[in-house]
Amino acid sequence: MVRNLAFCFSQNNNSCFSSVLDDPWRELRWGNVQEDRQYVQEYKPAQDNIKYLRVLLYGPVGHGKSSFINSVSNVIRGRISIPALASATLSNKSFTKMFETHKFNKGRGNEKTIYPVVFNDIMGVEEGESRGVHEDDIKLALKGHVKEGHKFNPISPLTQRDRGYNPTPSDDDKVHVLVCVISANASQIKPSVLQKMKNVRETASELKIPQMAMMTHIDEACGETEKDLKNVYKSKFLKKKMADFSAAVGIPMNCVFPVKNYSHEIDLNDDTDTVILSALRKMIDFGDDFIEKM
């Protein structure tokens, strides 16, 4: 049984304002946005028969999966964009209902192509057996068995008889990196939700699929990070959050990345881009290592 993971943050908790390390516990190369962006833009999968490195996002409802996809799109394309519809209101019900692949366009008109990194967004993980995405559907998606546009049914997971089932997935259809999206600003995550997430992780481990976690809303959770994003790896508060989540679901700390999603901004910010690109580069590295062994 997974222990309960409580995120004890409140608006009046000033601990994160004073608990800042003198030196960052993880180094980031600030000011290298163009170089990092070029690394992502010029990536090509290790195997010629694979067009796209496929990243599957999963996690609790309202923790920023769709917003993270939009933020990645912003960074890759160098401008604000919204390929994935995201809810602007807090809700305990999933905004995403269908299995959808988000591709990022490169160029315009006849010269338009697709960057070779794509993201799949799915229904959020919720408490109970009849709410949110069924963990068996996530496991099928890992193996490439879920067709584009399949509408998730929390009560009835996908079966081989359903129209949304892909019986012969190609290596392109399969997931190459599994990414859990978790909010640093969450009050708590129910044990049943954590157990579902851990079950999915164990299936991915059996398939040798690399796994990462994105910790979102770091600016809302910690005042020092909101004041200056360069404090992200100086914040003791965020480091403890990452360590607690790592222990709860078994994702190593060096695969957990704090990120700030774009939400209210209308222009890009280099520091925001830096933390997103740091995570994105590792997704590509881990995913490409997996593709090379397929």
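Note: hydrogens, waters and symmetry copies are ignored here, and every other heavy atom, side chains too, is used. What you see is a predicted model, and the numbers here were worked out from it, not measured in a lab.
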Tyr262 versus Asp267, side-chain donor and acceptor atoms under 3.5 Å: no
Close aromatic pair by centroid cut-off 6.0 Å: Phe152 and His150: yes
ILVMFWY cluster, Leu57 and Ile284 together (side-chain gap under 4.5 Å): yes
Which atom of Pro258 lies closest to which atom of Val232, heavy atoms considered: CG-CG2, 3.5 Å
From CG (Leu277) to OG (Ser71), nearest 0.5 Å: 11.0 Å
Phe119 and Phe68 aromatic ring geometry - parallel, tilted or perpendicular at 30°/60° bounds: perpendicular
Any donor-acceptor pair under 3.5 Å from Ser246 side chain to Ile251 backbone: yes
Nearest-0.5 Å distance, CZ of residue Phe99 to CG of residue Leu140: 10.0 Å
Check: Gly164 main-chain N/O paired with Asp162 side-chain donor or acceptor under 3.5 Å: no
Minimum heavy-atom distance Ala279-Val259, with the two atoms named: CB-CG1, 4.2 Å
Asn49 atom CG: more than 12 heavy-atom contacts under 6.0 Å: yes
Worked verdict on Glu265 versus Asn269 for side chain to side chain donor-acceptor pair (under 3.5 Å): CA-CA 9 Å; Glu265 299 86 352; Asn269 174 275; over 6 Å; no
CD-OG distance between Glu100 and Ser66, expressed to the nearest 0.5 angstrom: 8.5 Å
Expected output: side-chain Lys65 to main-chain Pro60 donor-acceptor under 3.5 Å: yes
Lys234 with Asp23: basic N within carboxylate O range, under 4.0 Å: no
In one Ile/Leu/Val/Met/Phe/Trp/Tyr side-chain cluster, 4.5 Å: Val75, Val33: yes
Separation of Cys180 SG from Gln211 CD (nearest 0.5 Å): 9.5 Å
Val175 to Ala141 - nearest heavy-atom pair and separation: CG2-O, 3.4 Å
Stepwise salt bridge (Lys or Arg N to Asp or Glu O under 4.0 Å) check, Lys230 with Asp271: CA-CA 7 Å; Lys230 288 188 173 72; Asp271 290 346; 3.1 Å; yes
Spacing of OG belonging to Ser235 relative to CD belonging to Glu226, to within rounding of 0.5 Å: 12.5 Å
Asn120 and Arg54: CA distance, side-chain angles, deciding distance, side chain to side chain donor-acceptor pair (under 3.5 Å) verdict: CA-CA 7 Å; Asn120 280 115; Arg54 186 175 299 275; 2.8 Å; yes
Modelled atom types, side-chain donor and acceptor of Asn166 and Asp173, under 3.5 Å: yes
Polar side-chain atom of Gln160 near backbone of Tyr165 as donor-acceptor pair, under 3.5 Å: no
Single-linkage hydrophobic cluster Tyr39~Tyr52, side-chain heavy atoms < 4.5 angstrom: no
Check: Asp172 side chain, Lys51 main-chain N or O, donor-acceptor pair, under 3.5 Å: yes
Check: Ser73 side chain, Ile69 main-chain N or O, donor-acceptor pair, under 3.5 Å: no
Asp36/Arg29 ion pair, N-O < 4.0 Å: yes
Sidechain N-carboxylate O distance under 4.0 Å for Asp244, Lys240: yes
Check against side chain to side chain donor-acceptor pair (under 3.5 Å), Asn261 and Thr216: CA-CA 7 Å; Asn261 286 337; Thr216 61; 4.8 Å; no
Under 3.5 Å: donor-acceptor pair, side chain of Asp137, backbone of Pro157: no
Same apolar cluster: Leu28 and Leu280, side chain cutoff 4.5 Å: yes
Test item: side-chain donor near acceptor, Asp121 and Tyr58, under 3.5 Å: no
Passing candidate, ring pair (Phe, Tyr, Trp, His ring centres under 6.0 Å) with Tyr233, options Phe257, Trp25, Trp30: Trp25
Smallest separation among heavy atoms of Arg26 and Met253, with atom names: NH2-O, 2.8 Å
Side-chain donor or acceptor of Arg77 paired with backbone N/O of Lys106 under 3.5 Å: no
Main-chain N/O of Ala184 paired with Lys241 side-chain donor or acceptor, under 3.5 Å: yes
Residues Met283, Met214; criterion side chain to side chain contact (heavy atoms under 4.5 Å, CB included); working and verdict: CA-CA 11 Å; Met283 276 184 214; Met214 301 296 111; 3.8 Å; yes
Non-hydrogen atoms of Ser183 and His217 that approach each other most closely: OG-ND1, 2.7 Å
His63 side chain to Ala186 backbone, donor-acceptor under 3.5 Å: no
Residues Phe237, Cys222; criterion side chain to side chain contact (heavy atoms under 4.5 Å, CB included); working and verdict: CA-CA 7 Å; Phe237 176 81; Cys222 179; 4.0 Å; yes
Single-linkage hydrophobic cluster, 4.5 Å side-chain cutoff, Ile114 and Leu53 together: no
Full working for side chain to side chain contact (heavy atoms under 4.5 Å, CB included) between Val200 and Leu178: CA-CA 9 Å; Val200 170; Leu178 177 65; 3.9 Å; yes
Validation row: Leu142, Leu56 side chains within 4.5 angstrom (heavy atoms): yes
Minimum side-chain heavy-atom gap Val20-Lys236 below 4.5 Å: no
Arg37 to Ile76 - nearest heavy-atom pair and separation: CD-O, 3.9 Å
Thr225/Asp219 under side chain to side chain donor-acceptor pair (under 3.5 Å): CA gap, chis, key distance, verdict: CA-CA 5 Å; Thr225 305; Asp219 52 323; over 6 Å; no
Point-to-point distance, once rounded to the nearest 0.5 Å, from OG1 of Thr113 to NZ of Lys103: 12.0 Å
